Amino acid sequence: MRNLFKMVALGAAVSFALQGCSLFSSEEDLNPMAPLPKVESAFSADTEWSSTVGDGIGDFYSQLKPVVEEDRIYAAARDGDVSAFDRASGDRLWTVDLADLPVNADKRSARLSGGLVSRYGKLFLGSENGVVYALNEANGEVLWQTNVPGEVVASPAVEDGRVVVLTTSGRLIALDTDEGKMQWTLSEEQPPLTLRSAGAPVITNGAVIYGRADGKVGIALLSNGQPVRQSKVADPRGATELDRMVDVDASPLIAGDELYAIAYNGQLMARKLMTGDEVWKRKYSGYRDLAMTGNAIVLTDSRSHLFAIDRRNGLELWSNTQLENRTVTAPVIFGDYVVVGDVEGYLYWLDRTDGSIKAMQQLDSSGLYAAPLVDGDTLYVQSRGGKLYALKRP
């Protein structure tokens with residue numbers, strides 16, 4: 001199993017776009033994982049409650065993550081289970097199994113991978129089977145399901161009566177939120193080799209902003225999918241196709257009138273949102289979502305190093321390399337801390353001002369894969385094995 005995780009660390013489960021074949025057949029550990037850091041923890045976060053969500057995601061690549069809406073939290077498992085829990089107590093309110101639907105009858109499972117998103121009293125999510133679902137938040141009833149041309153491994157974006165998904169084949173697709181009917185589709189040419197990943201699109205000011213496998217950020221009109229502009233984040237460079245991968249698979253980050261994006265094998269850049277003018281760019285490589293606290297952008301790079309960057313000028317504020325190749329999640333800001341999880345199920349609390357690790361605790365030995373979810377003074381964490389934890393702020 002560890003070799004699978006190492007492959008994810010190196011290339012977000014790198015696959016050939018057409019064949020999906022592995023690049024690594026040897027048992028040799030090409031990127032050794034750093035030993036656990038020696039930390040005298042200043043605290044240990046208390047678990048308010050925990051519950052289970054099916055069998056989790058197992059050893060598969062996934063971007064499934066829970067979502068909070070009012071007094072409930074919703075979570076899903078790869079095989080098809082979707083559950084609602086009381087946010088305060090953790091009591092299970094309902095569960096549905098999407099694997100039982102006819103659309104998945106000839107599949108191994110529902111293979112859920114992208115979501116969850118809550119909007120308009122509905123839950124939206126997608127699957128590797130190329131199906132987008134809308135569920136009733138109140139009881140889990142499937143309101144509609146729509147087949148799309150490609151795997152949906154990233155969360156949809158929902159706004160103005162449209163749900164927009166980005167497939168691993170490079171298609172941006174808009175469906176209407178009421179019935180799931182396709183409104184428009186926009187296709188991009190894919191490089192020969194891509195990461196098995198995609199960033200969630202972002203909707204703002206009537207436009208959809210999304211990362212592309214060719215190292216660019218695209219902007220299209222939400223109303224009809226008409227392309228508006230594309231901004232280069234990184235140029236393909238190197239002697240091999242592996243070296244030349246420049247996928248923008250972290251969701252674009254919008255702050256004020258600026259857009260921030262990072263590319264694999266590429267760089268971190270800031271551009272003006274309306275004009276596309278470059279503000280600054282710096283050499284960083286990553287595929288996980290960015291976080292922001294004040295004027296700092298916090299990122300996990302492709303080697304599981306953590307950095308804080310001044311968003312005004314791109315200068316590095318701090319770095320932490322203690323967790324190298326531990327397949328660290330995207331960071332989240334929780335009070336005074338930057339919080340990340342790792343492949344062995346450890347949760348780390350870093351001082352957001354200097355990046356030093358103030359506390360660590362093993363939460364779940366099956367491993368943590370998705371960024372924790374911050375909701376007020378509670379941190380929700382979903383493990384590979386299907387456990388959902390609610391932790392109180394220390």
Side-chain angles (χ1 to χ4, degrees), residues 1-14 22-24 26-45 57 59-62 195-197 242-243 245 249-250 262 264-266 268 282-291 296-309 316-334 337-372 379 381-385:
M1 184 172 70
R2 178 167 293 180
N3 280 338
L4 178 143
F5 289 134
K6 293 306 179 185
M7 183 172 69
V8 174
L10 178 62
V14 177
S22 172
L23 296 175
F24 305 100
S26 170
E27 291 296 317
E28 182 183 358
D29 197 348
L30 301 177
N31 295 273
M33 185 167 60
L36 277 174
K38 296 181 179 179
V39 176
E40 187 173 339
S41 294
F43 56 82
S44 180
I57 66 164
D59 294 345
F60 294 94
Y61 172 77
S62 178
L195 300 183
R196 182 172 171 71
S197 179
L242 186 62
D243 293 331
M245 288 193 302
D249 282 342
I262 190 170
Y264 183 76
N265 277 341
L268 174 71
R282 298 290 184 269
K283 183 68 176 177
Y284 292 96
S285 172
Y287 55 86
R288 299 196 184 276
D289 286 351
L290 309 169
I297 295 172
V298 183
L299 65 93
T300 302
D301 80 355
S302 56
R303 295 182 295 170
S304 290
H305 298 168
L306 285 116
F307 299 91
I309 312 298
E316 192 171 296
L317 300 173
W318 56 257
S319 64
N320 187 307
T321 62
Q322 293 176 275
L323 307 178
E324 183 167 289
N325 295 329
R326 296 191 66 85
T327 317
V328 171
T329 68
V332 295
I333 310 302
F334 191 42
Y337 303 98
V338 174
V339 183
V340 295
D342 80 0
V343 68
E344 292 187 327
Y346 284 89
L347 203 62
Y348 303 90
W349 306 72
L350 286 73
D351 188 312
R352 69 178 188 178
T353 62
D354 63 13
S356 60
I357 300 176
K358 295 300 183 183
M360 57 180 280
Q361 61 191 100
Q362 188 172 34
L363 195 63
D364 192 304
S365 60
S366 70
L368 307 179
Y369 69 99
L379 191 74
V381 184
Q382 187 169 355
S383 76
R384 283 188 169 272

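Since the structure is predicted, the reported quantities are computational estimates derived from the model, not experimental observations.
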Nearest 0.5 Å, what's the [atom1]-[atom2] distance between [X] and [Y]?
X    : Y    : atom1 : atom2 : answer
S285 : I262 : OG    : CD1   : 6.5 Å
L368 : Q362 : CG    : CD    : 9.0 Å
L195 : M245 : CG    : CE    : 5.0 Å
R326 : E344 : CZ    : CD    : 4.5 Å
I357 : Q322 : CD1   : CD    : 4.0 Å
F334 : L347 : CZ    : CG    : 10.0 Å

Might you point out which heavy atoms bring [X] and [Y] nearest each other, and give the distance in Å?
X    : Y    : result
D249 : D289 : O-OD1, 4.5 Å
M33  : N325 : CG-O, 3.4 Å
Q361 : S44  : NE2-OG, 3.5 Å
P372 : A330 : CD-O, 4.3 Å
W318 : T353 : CD1-O, 3.3 Å
V332 : A371 : CG1-CB, 3.9 Å

Which of V298, D301, N320 passes side chain to side chain contact (heavy atoms under 4.5 Å, CB included) with F307? Answer is D301
Given V381, which of L363, T329, D364 fulfils the side chain to side chain contact (heavy atoms under 4.5 Å, CB included) condition? L363
Below 30° counts as parallel, above 60° as perpendicular, anything between as tilted: where do the rings of F43 and W349 land? perpendicular
Give the C-alpha distance, both sets of side-chain angles, the deciding distance and a yes or no for side-chain contact (heavy atoms from CB on, under 4.5 Å) between Y284 and H305. CA-CA 10 Å; Y284 292 96; H305 298 168; over 6 Å; no
Any side-chain heavy-atom pair from L299 and L306 closer than 4.5 angstrom? no
Exam field: side chain [X] to backbone [Y], donor-acceptor pair closer than 3.5 Å:
X    : Y    : result
D243 : N265 : no
R288 : V328 : yes
Q382 : A370 : no
S356 : D351 : no

If you measure only the distance, is there a donor-acceptor pair under 3.5 Å linking the side chains of Y264 and S302? no
Verify the distance criterion only: is there a donor paired with an acceptor across the side chains of D342 and Y348 at less than 3.5 Å? yes
